[in-house]
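First up is the structure itself, then whatever we jot down about it.
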Amino acid sequence: MAGNTLLIVESAAKARTLGKFLGKGYKIKASVGHVRDLPKSKLGVDVENDFEPQYITIRGKGDILKEIKDESQKAGRVLLATDPDREGEAIAWHLQNAMKIPPEENCRIEFHEITREAVKKAIKNSRPVDLSRVNAQQARRVLDRLVGYNLSPLLWSKIRKGLSAGRVQSVALKLICDREEEIKNFIPQEYWTIDAIFDAARSKNSQFTARLASCQGKKIEINNEKEVAAIGEYLQGVSFTVLKVERKEKRKNPNPPFITSTLQQEASRRLNFFSNRTMRVAQELYEGLEIGKEGTVGLITYLRTDSTRVASSAQMEALDFISSTFGAEYVPVKPNEYKSRKSAQDAHEAIRPTSIQRTPESVKAFLSRDQYRLYQLIWNRFVSSQMTPAVYDSLTVDISAGDYGFRASSSQLKFIGYKKVYNDNEEEEPKNNIPELKKGEELALHELKPEQHFTQPPPRFSEASLIKLLEEKNVGRPSTYAPTIDTILKRNYVERQNRQFIPTELGFIVVDLLKEHFANILDLEFTARMEGELDLVEEGKLDWKKVVRDFYEPFHSDLEKARELAQKIEIKDEEAGKECPQCGRPMLIKHGRFGKFMACSGFPECRHTQSINQELGLKCPLCQGSIVALKSKKGRTFYGCSNYPQCNFRSWDKPTGKICPHCGDAIVEKFNKKKEATQICQNPACKQKVEMGG
């Protein structure tokens with residue numbers, strides 16, 4: 001039978017990888033994702049018949065499904081090796097039904113890495129399709145369809161066509177809008193800090209800094225300059241005495257290996273990858289690449305996971321590598337274990353290399369730049385997660401000054417530990433060269449340094465910080481974050497500026513309507529509770545149709561009220577302040593499905609339209625036209641010449657209006673990871689590519 005096995009996977013790339021090490025006894029076919037789904041043209045859920053889904057073959061998949069069914073007739077055995085998650089289980093179930101494989105047959109295999117050993121082991125441990133996992137996916141699919149296909153027409157009728165709403169999408173948009181409101185309504189509060197520079201009489205080079213920390217034993221808050229002056233006057237007449245000297249050894253433990261959301265966050269922070277780019281590259285690493293003489297092999301384990309669990313065999317391999325490469329002092333006394341959050345599907349492992357021996361440098365020649373950088377990030381994070389903590393010598397000195405207390409602290413790295421492989425770049429305590437001090441020692445006040453501050457509003461969400469919050473609040477699943485962000489950008493609900501999300505007027509209008517009529521849809525606790533119920537469905541503890549039923553009844557009631565009570569919202573056209581170049585009538589700023597644009601007020605007699613581009617007041621370095629800010633299809637800002645297509649000047653970086661004295665190309669503004677601006681020639685071939693100063 002093994003000589004006649006049909007093995008079905010989801011992607012053609014995975015099929016090619018498996019084909020290279022499974023041999024002639026296996027015929028491998030790719031379903032290319034789902035083969036059956038709810039129809040796009042209608043709701044596809046029979047609400048009257050207890051929410052029965054009405055699946056159809058996806059358009060364009062008929063030939064693929066026919067070929068798979070024909071091959072199954074010839075095969076002695078069929079194995080369904082779709083991805084090891086709810087979606088993969090559902091695809092396997094649809095394929096099983098299409099091929100009329102009995103429900104109890106051991107036709108399902110799953111592996112979390114595409115290596116010869118993992119796949120062979122999976123084939124030996126086949127099982128029936130897990131209906132509980134399938135039902136969890138069906139529940140999510142039906143819920144999302146009920147929300148999307150009912151709310152979207154409501155938005156079309158009350159606002160305008162082309163809009164959409166969804167469970168996770170709407171919550172993400174609300175978070176962004178709420179944050180913008182916080183920023184808008186934020187009132188800065190004044191506060192002051194007072195640093196003191198002290199001299200220790202017994203030591204040379206004895207000056208050090210301490211900060212005013214308390215008054216009469218309680219944490220101090222200084223609100224204005226008058227309070228600063230009063231404190232300064234009081235301190236002129238007191239003695240300064242060392243109250244306590246405390247030395248501690250502090251340990252900083254490594255972070256766990258990546259799960260999907262933390263990989264997206266770190267790839268954004270370190271590599272400037274958007275989440276969809278991270279997932280695309282990770283998929284390539286998972287599905288398999290040609291690695292020289294070794295052949296085609298998957299380099300990382302499955303990329304859609306929320307579990308930090310690591311297989312003991314991989315852990316032992318990592319510990320052996322760490323010991324032989326870095327030394328025994330970098331190996332923990334007992335292996336590091338990490339707790340996943342309660343809702344994690346712990347059947348999965350964390351994202352890790354399939355073999356620790358494939359170091360980033362050893363495979364670099366076979367990878368694209370993006371593949372190498374992401375693989376290096378995953379490899380480093382996993383290795384560091386199995387290493388000993390970094391150790392710091394910490395010193396804290398408390399100083400008495402009458403009613404007031406100062407505190408000085410310093411921290412010095414004693415043993416680098418896991419940071420030898422993965423420096424998390426978190427800000428360490430500033431170095432403060434505190435001399436040898438003893439309790440009771442008198443200090444001399446050299447200088448008081450008061451400084452005024454103002455509280456800052458919360459920052460706008462970046463992709464990384466939005467994903468982090470969605471994960472913390474248990475909204476959606478790791479695989480939903482990238483498509484969710486793509487959707488709210490494409491619908492023009494938000495714009496991305498300097499890698500931060502800013503809601504548009506349309507975004508606020510949509511959220512306000514949903515807030516008024518569908519509070520549950522936007523409620524974080526309600527959405528998280530739904531995720532918990534889907535987990536219970538997967539565990540076989542809850543009927544999936546009950547979950548849908550309990551959601552739909554109040555939702556449908558809210559929907560009926562909204563259809564009747566929600567007012568139609570007219571997004572008024574704005575005057576553009578210019579005349580139509582074709583007929584001379586006033587131009588208007590209108591709202592379309594791709595954002596704002598200008599159109600002639602004489603429509604339909606005059607159909608002239610043009611895009612809205614923000615002029616920067618800078619001249620094009622190529623033709624002296626105007627530089628304008630533009631938007632890519634994915635919502636990313638770039639810069640170009642208003643004389644396009646006659647002039648093809650384009651730049652992702654903001655031009656400064658200056659010309660490089662060496663090559664004549666444009667000087668642009670670039671930002672490093674610390675958000676510090678540098679002016680530099682944009683020509684990568686310019687040999688004099690140097691920082692040009694502010």
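Side chains are part of it too, since the values below use all heavy atoms of this structure and drop only hydrogens, waters and symmetry mates. Remember, it's a predicted structure, so these values are computed and weren't measured experimentally.
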Legend entry - Exam field: side chain T308 to backbone Y338, donor-acceptor pair closer than 3.5 Å: yes
Legend entry - E89: partners by salt bridge (charged side-chain N to carboxylate O under 4.0 Å, His left out), with sequence neighbours left out: R108, R127, R133
Legend entry - Any residue meeting side chain to side chain donor-acceptor pair (under 3.5 Å) with T388, in chain and number order, not counting sequence neighbours: none
Inset, instruction - Examine the side chains of D70 and Q73 and answer whether a donor and an acceptor come within less than 3.5 Å of each other. - result: no
Inset, instruction - Would you sort out whether L79 and L6 count as a side chain to side chain contact (heavy atoms under 4.5 Å, CB included), showing the intermediate values? - result: CA-CA 6 Å; L79 292 175; L6 173 64; over 6 Å; no
Legend entry - With sequence neighbours excluded, residues passing side-chain contact (heavy atoms from CB on, under 4.5 Å) with D320: none
Inset, instruction - Answer with yes or no whether the side chains of T115 and E113 bring together a donor and an acceptor at under 3.5 Å. - result: yes
Legend entry - Heavy-atom donor-acceptor pair, T484 side chain to T480 backbone, under 3.5 Å: yes
Inset, instruction - Scan residues 292-302 for pairs that pass salt bridge (charged side-chain N to carboxylate O under 4.0 Å, His left out), counting only residues two or more places apart or in two chains. - result: E294-R358
Inset, instruction - Might you point out which heavy atoms bring A92 and L80 nearest each other, and give the distance in Å? - result: O-CD1, 3.3 Å
Legend entry - Atom pair CD/CZ of Q371 and R280 - distance to nearest 0.5 Å: 9.0 Å
Legend entry - Donor-acceptor contact present, side-chain T82 to main-chain V9, <3.5 Å: no
Legend entry - Y418 six-ring face occupied by R381 cation (under 6.0 Å, within 45°): no
Inset, instruction - Flag the pair L289 / F366 as yes when at least one side-chain heavy-atom distance between them is below 4.5 Å, and no otherwise. - result: no
Inset, instruction - Keeping the roles fixed (side chain from S268, backbone from Q264), state whether a donor-acceptor pair exists under 3.5 Å. - result: no
Legend entry - Sequence-distant partners of K61, side chain to side chain donor-acceptor pair (under 3.5 Å), two or more places apart: none
Inset, instruction - State whether a side-chain donor-acceptor pair under 3.5 Å links T296 with R16. - result: no
Legend entry - Polar side chain donor-acceptor pair, H34 to E87, under 3.5 angstrom: yes
Legend entry - Atom of L374, atom of A267 and distance for their closest heavy-atom approach: CD1-CB, 4.1 Å
Inset, instruction - Check the side chains of Q283 and R304 for a donor-acceptor pair under 3.5 angstrom, ignoring hydrogens and angles. - result: yes
Legend entry - Side chain E495, main chain F501, donor-acceptor under 3.5 Å: no
Legend entry - All salt bridge (charged side-chain N to carboxylate O under 4.0 Å, His left out) counterparts of K124, not counting sequence neighbours: none
Inset, instruction - Identify the two heavy atoms, one from S384 and one from P254, that lie closest to each other, and give their separation to 0.1 Å. - result: O-CB, 3.3 Å
Legend entry - Contact summary for H112 and E349, nearest pair of heavy atoms: ND1-N, 4.5 Å
Legend entry - salt bridge (charged side-chain N to carboxylate O under 4.0 Å, His left out) against K69, all qualifying residues, sequence neighbours excluded: none
Legend entry - 4.5 Å side-chain heavy-atom contact, P389 and K252: no
Legend entry - Residues forming a ring-ring contact (aromatic ring centres under 6.0 Å, His included) with Y55, sequence neighbours excluded: H94
Legend entry - Non-neighbouring partners of Y372 that pass ring-ring contact (aromatic ring centres under 6.0 Å, His included), sequence neighbours left out: none
Legend entry - Exam field: side chain T301 to backbone R352, donor-acceptor pair closer than 3.5 Å: yes
Inset, instruction - Look at the side chain of E105 and the backbone N and O of I101, then say whether any donor-acceptor pair between them is shorter than 3.5 Å. - result: no
Inset, instruction - Could you go through the side chain to side chain contact (heavy atoms under 4.5 Å, CB included) check for F273 and D370 one step at a time? - result: CA-CA 9 Å; F273 283 13; D370 278 2; 3.5 Å; yes
Legend entry - Qualifying ring-ring contact (aromatic ring centres under 6.0 Å, His included) pairs with a residue from residues 130-149, counting only residues at least two apart or across chains: none
Legend entry - side chain to side chain contact (heavy atoms under 4.5 Å, CB included) between I123 and L22, intermediate numbers included: CA-CA 11 Å; I123 290 170; L22 276 182; 3.9 Å; yes
Legend entry - Any residue meeting ring-ring contact (aromatic ring centres under 6.0 Å, His included) with F321, in chain and number order, not counting sequence neighbours: W379
Legend entry - Residue from D306, D535, D130 passing salt bridge (Lys or Arg N to Asp or Glu O under 4.0 Å) with R86: D535
Legend entry - Any residue meeting ring-ring contact (aromatic ring centres under 6.0 Å, His included) with Y422, in chain and number order, not counting sequence neighbours: none
Inset, instruction - Without swapping roles, check the side chain of S275 against the backbone of Y481 for a donor-acceptor pair under 3.5 Å. - result: no
